[in-house]
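Note: hydrogens, waters and symmetry copies are ignored here, and every other heavy atom, side chains too, is used.
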Amino acid sequence: MRWPTGFLLSAVLTASPLSAQDLQSQRDAYSLKERVPPGQWLRVRSLKGAIRVTASNTDNVEIVAVKTWRRGDPQAVRVVTRRSPDGSVLVCALWTENTTCTDNSYTVRGARGAGASADRSDVQLHFDIRVPKGVKVGVWTVNGDVAVEGVTSDVSAGANNGNVTAVSTGGLVRANSVNGSVHASMTRFSGNEDLAITTTIGSVIVDFLEDINANIDLSTTTGMFRSDWPVTITGRIEPRRLRAIVGKGGAKLRLATVYGDVELRKH
């Protein structure tokens, strides 16, 4: 993911808390009910606000967004929907006209001007998303927690300033944060595709339900390593990095943080 230069530091700053009476909200700020074919992607990208994904009991993707603010202009924040020929859907929450939102990036151009205006706004957009079986999920926000569960296909989840929890019972999970802990859970890992789950400030925890076969690369500067799985250490033993084989080995599984623990668990 690409973030604008000079925007990261300002994005993590939060306003002084105000009383609950000051908070205003708009419950149906955005809604979507649409079929996304199994095997295709639903992607949601945002700047401020939490994202929650759960399982749908219908064949449709269902999204409801709640907008909250105290002093900001809620009308300045809008949501656009883009559909691909293959049936994939991209939902972009935009705080300024100077924002580029694609399947793979979310960029506010300029640390000053439009970018600074977006950062000062206290408007947040909180997404509640329900997905049917087989739909791939990609969700990102700059400021806010991300929680994904009930998904049966691949997941890509991320936040710049927030905790990320992502669970899939039928696909790979890619998850990352910068300032926040990351917890990923999946059934297995034994293919040929490398996987990275990382943060900078916070713990990284990954658990699997079934046996895994991987070459693991664990790194932390200030934390500890823990593994519920028997590992065969390869190469030189280092205090901040552990390279090992789990099971028969295979694709690389990289778990990394700077300030926090790294754990490989059995679910």
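- A side-chain donor-acceptor contact under 3.5 Å links T152 to the backbone of G134.
- Residues R240 and L218 have side chains not in contact (no heavy-atom distance under 4.5 Å, counting atoms from C-beta outward).
- A chain of hydrophobic side-chain contacts below 4.5 Å, direct or via other Ile, Leu, Val, Met, Phe, Trp or Tyr residues, connects V61 to L125.
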Candidate pair V258 and T220, rule side chain to side chain contact (heavy atoms under 4.5 Å, CB included), full reasoning: CA-CA 5 Å; V258 176; T220 179; over 6 Å; no
- request: Evaluate salt bridge (Lys or Arg N to Asp or Glu O under 4.0 Å) for D217 paired with R241, printing each intermediate quantity in order.
  value: CA-CA 7 Å; D217 186 341; R241 191 168 189 178; 2.6 Å; yes
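- At distances below 3.5 Å, not a single donor-acceptor pair connects side-chain atoms of N60 with backbone N or O atoms of E62.
- Across every non-hydrogen atom of R70 and Q24, the tightest pair is O-NE2, 3.6 Å.
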Verdict with supporting geometry, Y30 and T81, side chain to side chain contact (heavy atoms under 4.5 Å, CB included): CA-CA 10 Å; Y30 170 83; T81 306; 2.6 Å; yes
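- Two residues are said to be in side-chain contact when any heavy atoms from C-beta on lie closer than 4.5 Å; L94 and V80 meet this criterion.
- Summarising the local packing, CG of D228 is surrounded by more than 12 heavy atoms from other residues, nucleotides or ligands at distances under 6.0 Å.
- In this structure the side chain of D154 reaches within 4.5 angstrom of the side chain of W41, judged on heavy atoms.
- Closest non-hydrogen pair, A159 versus G162, comes out as CB-O, 3.9 Å.
- When the side chains of ILVMFWY residues are joined at heavy-atom separations under 4.5 Å, either directly or via intervening members, I205 and L255 end up in two distinct hydrophobic clusters.
- Summarising the geometry, atom CG belonging to L47 is positioned 8.5 Å from atom OG belonging to S121; distances are rounded to the nearest 0.5 Å.
- Side chain of W140 to main chain of N160: no donor-acceptor pair is present (N/O by atom type, distance under 3.5 Å, no hydrogens or angles).
- Hydrophobic cluster membership differs between F127 and L90, with clusters built from Ile, Leu, Val, Met, Phe, Trp and Tyr side chains linked at under 4.5 angstrom.
- With hydrogens and angles ignored, the 3.5 Å screen pairs no side-chain donor or acceptor of K248 with any backbone N or O of I212.
- Checked by atom type, the side-chain pair S181/S203 shows a donor-acceptor distance below 3.5 Å.
- In this structure, CH2 on W229 lies 9.0 Å from CG on N213, to the nearest 0.5 angstrom.
- In this structure, the side chains of V246 and L264 come closer than 4.5 Å at one or more pairs of heavy atoms.
- One finds the CG atom of D207 at 3.5 Å from the OG atom of S185 (value rounded to the nearest 0.5 Å).
- The CE atom of M186 lies 5.0 Å from the CG atom of L195; values are rounded to the nearest 0.5 Å.
- Residues S105 and T107 have side chains that never bring a donor and an acceptor to within less than 3.5 angstrom of each other.
- T68 and S25 make their closest contact through CG2-CB, 4.0 Å (heavy atoms, listed as atom of the first residue, atom of the second, distance).
- Considering OG1 of T232 and CD1 of I245, their distance stands at 6.0 Å, rounded to 0.5 Å.
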message: Evaluate I51 against I129 for side chain to side chain contact (heavy atoms under 4.5 Å, CB included), listing each step before the verdict.
response: CA-CA 8 Å; I51 300 177; I129 304 167; 3.8 Å; yes
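- Using bins of under 30°, 30° to 60° and over 60° for the plane-to-plane angle, the ring pair F208/F189 lands in the tilted bin.
- Interatomic distance, D128 CG to T54 OG1, rounded to the nearest 0.5 Å: 5.5 Å.
- D122 places a side-chain N or O within donor-acceptor distance of the main-chain N or O of R71, the cut-off being under 3.5 Å.
- Between the side chain of S168 and the backbone N or O of S153 there is at least one donor-acceptor pair closer than 3.5 Å.
- Considering only residues two or more places apart in sequence or on other chains, D103 meets the salt bridge (Lys or Arg N to Asp or Glu O under 4.0 Å) condition with R43.
- Between W95 and V123, the shortest heavy-atom distance links the atoms NE1-O, 3.1 Å.
- Annotation: salt bridge (charged side-chain N to carboxylate O under 4.0 Å, His left out) contacts involving residues 26-41, sequence neighbours excluded, comprise E34-R83.
- Sorted by first and then second residue, the salt bridge (charged side-chain N to carboxylate O under 4.0 Å, His left out) pairs involving residues 174-189 (not counting sequence neighbours) are R174-E193, R188-E210.
- Remark: the backbone N or O of G49 is not paired with any side-chain donor or acceptor of H126 at under 3.5 angstrom.
- In this structure Q40 satisfies the side-chain contact (heavy atoms from CB on, under 4.5 Å) test together with V36, P37, D86, S88, sequence neighbours excluded.
- Judged purely by atom type and a 3.5 angstrom limit, K67 uses its side chain to pair as donor or acceptor with the backbone of V77.
- In this structure D261 satisfies the salt bridge (Lys or Arg N to Asp or Glu O under 4.0 Å) test together with R226, sequence neighbours excluded.
- For A166, the side-chain contact (heavy atoms from CB on, under 4.5 Å) partners at least two apart in sequence or on another chain are V148, V155, A157, V173.
- T257 contributes a side-chain N or O that, together with a main-chain N or O of G202, makes up a donor-acceptor pair within less than 3.5 Å.
- The closest donor-acceptor contact from the side chain of Y106 to the backbone of A93 lies under 3.5 Å.
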task: Please lay out, stage by stage, how V131 and S56 fare under the test side chain to side chain contact (heavy atoms under 4.5 Å, CB included).
output: CA-CA 5 Å; V131 296; S56 173; 5.5 Å; no
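- Side chain to side chain, H183 and N163 fail the donor-acceptor criterion of an N or O pair below 3.5 Å.
- In the model, T199 has no side-chain atom that pairs as donor or acceptor with a side-chain atom of Y259 under 3.5 Å.
- When the side chains of ILVMFWY residues are joined at heavy-atom separations under 4.5 Å, either directly or via intervening members, I216 and F225 end up in a single hydrophobic cluster.
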- prompt: Passes salt bridge (Lys or Arg N to Asp or Glu O under 4.0 Å), R265 versus E263? Steps please.
  reply: CA-CA 6 Å; R265 296 179 178 176; E263 300 183 39; 2.9 Å; yes
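- A continuous path of Ile, Leu, Val, Met, Phe, Trp and Tyr side chains, each step under 4.5 Å between heavy atoms, connects V206 with L242, placing both in one hydrophobic cluster.
- A donor and an acceptor atom, one from each side chain of T198 and N176, are nowhere located under 3.5 Å apart.
- Side chains of V146 and T141 form a contact here, defined as non-hydrogen atoms less than 4.5 Å apart.
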